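Here is the naming used below: chain letters follow the sequence lines, and residue numbers restart at 1 for every chain. Given the structure is predicted, the values throughout are model-derived calculations rather than measurements.
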Amino acid sequence: MHRLGSHILCRNIIPKCELEAHYDALLQSYNSLPTLGQIHSSLTTTGFIRQSPHLGARILLRYTKFGHSEKARHLFDNIPNGPNSFLWNTMLRAYTNGSHFSQTLVLYSLMRKTGIKPNNYTYPFVLKACAAQACVVEGNMVHCDVIRTGFDSDVHVEAGLVDMYAKCGAINEGRKVFDEMSSRDVVCWTAMITAYEQAERAESALNLFYKMQQEGLSMDSITAVTVASAVGQLGDTKKALTVHGYVILSDLVWDVCVGNSIIAMYAKCGEVEKALLVFDDMRERDGITWNSMLSCYIHNGLASEALFLFDKMQASDVKPNPVTALVMVSACAFLGSKNVGKKIHDFIVTSDMEIDVMLHNAIMDMYAKCGDLGTCLKMFDRTPSSELNASSWNALISGYGMHGLGREALEIFTRMKEEGVEPNHITFTSVLSACSHVGLIDEGRRCFAEMEKSSVIPEAKHYACMVDMLGRAGRLHETYELIKKMPSQPSDAVWGALLLACRIHGYTDLGKVAANQLFHLEPEHTGYYVLMSNIYAASSKWQEVGKLRQYMKNKGLRKPAAFSVIEFGDEVYGFHTADQLNPFRRDVYRKVEALAEEMKMAGYMPDRSCVLHDVEEEDKDQILNYHCEKLAVAFGLMKIEPGLDIHITKNLRVCNDCHSALKIISNIYGRKIVVRDANRFHHFQGGSCSCKDYW
DNA sequence: ATAGGGTTAG
């Protein structure tokens with residue numbers, strides 16, 4: 001600041017133009033806000049700022065660069081003879097870029113009142129502010145000004161208008177502007193395509209994209225990303241391949257953002273291998289690239305592949321970020337892999353990444369879903385209540401519920417309300433299903449009534465919980481009445497819950513009502529055909545059973561593969577019934593057959609009704625032996641040292657036969673076996689299950 | 001001297 005001071009002292013002997021040049025140079029070379037403030041204040045105290053509008057404008061510009069719109073505005077208001085158009089635009093830009101959108105609009109109306117003429121640079125800033133706040137009325141007024149001042153054929157202004165209308169939800173207005181343009185460049189096309197994509201009108205977006213190509217315009221990386229997102233919405237592999245082709249032809253695949261969006265597009269189309277090919281071919285990968293590939297695996301049911309890729313990511317030059325952590329933690333929750341989950345938790349704690357509420361909640365949820373309620377509760381208790389939100393409480397409530405601890409879940413629900421946290425739709429789902437798992441009917445009814453009085457609108461999933469709860473408890477007619485009273489169309493979950501209740505309690509006719517709805521709503525869902533044929537079988541209606549089976553055969557419907565995973569050390573091992581590739585299959589199959597003999601000695605009788613295949617009766621026992629949860633248990637008994645619990649996660653519900661077998665096995669081997677199925681936890685110990693056979 | 005389209009991981 002010495003130089004600056006000397007200039008001020010010598011101001012009387014240096015001509016004004018030279019002084020301006022000096023300050024210009026100073027402003028160029030000093031790039032920090034404090035210095036700028038010092039220059040500003042010395043210019044103010046010496047009064048130069050009044051003598052030289054040029055310097056004032058310079059400082060104003062600098063202030064806007066640092067995002068200090070207030071300081072800039074102060075200078076703006078004190079410019080002798082008022083600011084020129086350029087400075088008006090600069091000031092508007094400062095507000096818009098600083099997200100002070102209402103200030104932009106206020107200043108714009110001041111500009112009009114003052115009689116300053118807006119120009120082609122003015123409108124984009126103002127339109128952006130309207131778009132950001134979805135001010136369609138103001139936007140419309142600006143549009144009128146645009147027409148009045150004759151800037152309605154400027155391509156930048158027009159693109160701004162299209163975008164403004166789209167962001168205000170007035171797509172058709174935007175389209176009108178778009179259609180009336182005399183010439184459109186790639187930006188305008190992309191603005192219009194994005195408008196459709198954002199409005200979830202993916203077909204329209206793609207049609208417009210094809211039209212753009214027909215007109216001979218080539219896309220750029222932004223177009224590519226938007227179009228890929230539109231295809232992702234449709235989940236259409238054929239279209240995905242076409243878009244991928246265009247991207248290759250336009251030489252855009254090497255753009256990281258484009259590559260990322262192509263991976264996400266394939267992920268949403270269920271094309272894991274294609275996504276992986278793109279991933280492997282990328283020349284450059286950022287955090288989003290890795291996270292996209294990880295979540296591609298997870299959303300397509302390949303969580304163990306995700307764990308493998310996560311290790312590779314740690315060895316790469318891109319380090320995991322909080323989103324990576326979130327993706328991985330939920331993968332572990334899905335798989336029920338507590339050891340891996342803990343490893344990732346440790347990684348999160350030791351790396352210095354920021355843990356926000358969302359991640360914190362996801363970790364608690366992971367522990368609960370991996371059967372470690374203790375750690376979940378400990379984390380909850382150690383968190384200051386100011387840092388807990390509804391999802392934190394939900395994690396605990398659903399955790400207790402899944403373990404069949406309905407009373408505890410209700411207690412937490414009460415505490416949550418006492419602490420002033422508003423329950424949301426997930427809270428009510430968790431509470432209702434907690435009640436359902438243990439048959440707390442009165443409490444469940446009370447919660448449902450409470451929800452009807454609260455601001456949470458009961459959705460189909462809440463009705464499904466109620467139907468499940470009442471149905472399991474045998475109150476089938478009450479259930480049916482509830483369904484008839486539903487304000488919306490009953491979903492497949494609702495009818496499914498009723499069908500299950502009919503299976504449990506042997507109601508054939510009501511079952512048929514539910515099944516007919518389901519066959520209509522979800523014709524491809526095999527589980528419902530299986531349930532209905534179980535109902536027929538239970539009342540010896542073999543002809544009907546045969547008819548259903550034939551129907552499934554004709555339609556080529558197959559039961560989704562049952563799958564169990566078990567953790568051993570830091571590895572996750574998967575088992576499914578006809579797995580010829582499993583490296584442990586020989587030992588495991590031998591063990592499972594030995595188990596069958598041991599169980600028979602302890603009084604086990606295979607439940608052949610659990611086998612739907614059309615095979616000889618003796619062969620059914622073999623099929624039962626190879627059910628995936630039995631294979632996983634056999635593996636666990638061989639590998640996991642005595643004294644440790646055996647944890648298994650299954651993608652479907654445990655079948656009746658496996659449920660009774662696991663009870664007996666827990667008794668013979670004196671081990672605790674914890675199984676999480678599609679609905680809840682079963683803790684097998686000493687010959688009985690924590691669900692008390694109510695499931 | 002100033003301007004328009006942005007999603008992709010959750």
I'd like to check the side chain to side chain contact (heavy atoms under 4.5 Å, CB included) partners of A:Thr149; sequence neighbours left out, ordered by chain and number.
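With neighbours one apart ignored, the set is A:Tyr123, A:Phe151.
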
With sequence neighbours excluded, give me every ring-ring contact (aromatic ring centres under 6.0 Å, His included) pair touching residues 282-321 of chain A.
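Qualifying pairs, neighbours excluded: A:Phe279-A:Trp290, A:Phe310-A:Phe347.
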
Does anything in residues 173-223 of chain A form a ring-ring contact (aromatic ring centres under 6.0 Å, His included)? List the pairs, not counting sequence neighbours.
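Output for this query lists A:Phe178-A:Trp189, A:Phe209-A:Tyr246.
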
Taking any heavy-atom pair under 4.0 Å as a contact, classify A:Asp185: base, sugar-phosphate, or nothing.
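Result for A:Asp185 = base.
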
For A:Asn260, run the side chain to side chain donor-acceptor pair (under 3.5 Å) check against A:Asp286, A:Asn291, A:Asp255 and tell me which one passes.
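So, applying the side chain to side chain donor-acceptor pair (under 3.5 Å) to A:Asn260 and each of A:Asp286, A:Asn291, A:Asp255, only A:Asp286 qualifies.
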
In [range], which residues come under 4.0 Å of DNA chain B by heavy atom?
{"range": "residues 156-168 of chain A", "result": "A:His156, A:Ala159, A:Asp163, A:Lys167"}
{"range": "residues 145-155 of chain A", "result": "A:Asp154, A:Val155"}
{"range": "residues 264-282 of chain A", "result": "A:Ala264, A:Lys268"}

Has the side chain of A:Ser261 got a donor or acceptor atom that lies under 3.5 Å from a matching backbone atom of A:Ala228?
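Not confirmed, A:Ser261 side chain does not pair with A:Ala228 backbone.
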
Quick one: is A:Lys128 getting a side-chain N or O under 4.0 Å of the B:dG4 phosphate, OP1 or OP2?
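Yes, within the criterion.
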
Nearest of B:dA3, B:dG10, B:dG5 to any side-chain atom of A:Leu326?
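Nearest listed nucleotide: B:dG10.
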
Report the distance from atom CD1 of A:Ile262 to atom P of B:dT7, rounded to the nearest whole Å.
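Taking atom P of B:dT7 as the reference, CD1 of A:Ile262 is at 16 Å.
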
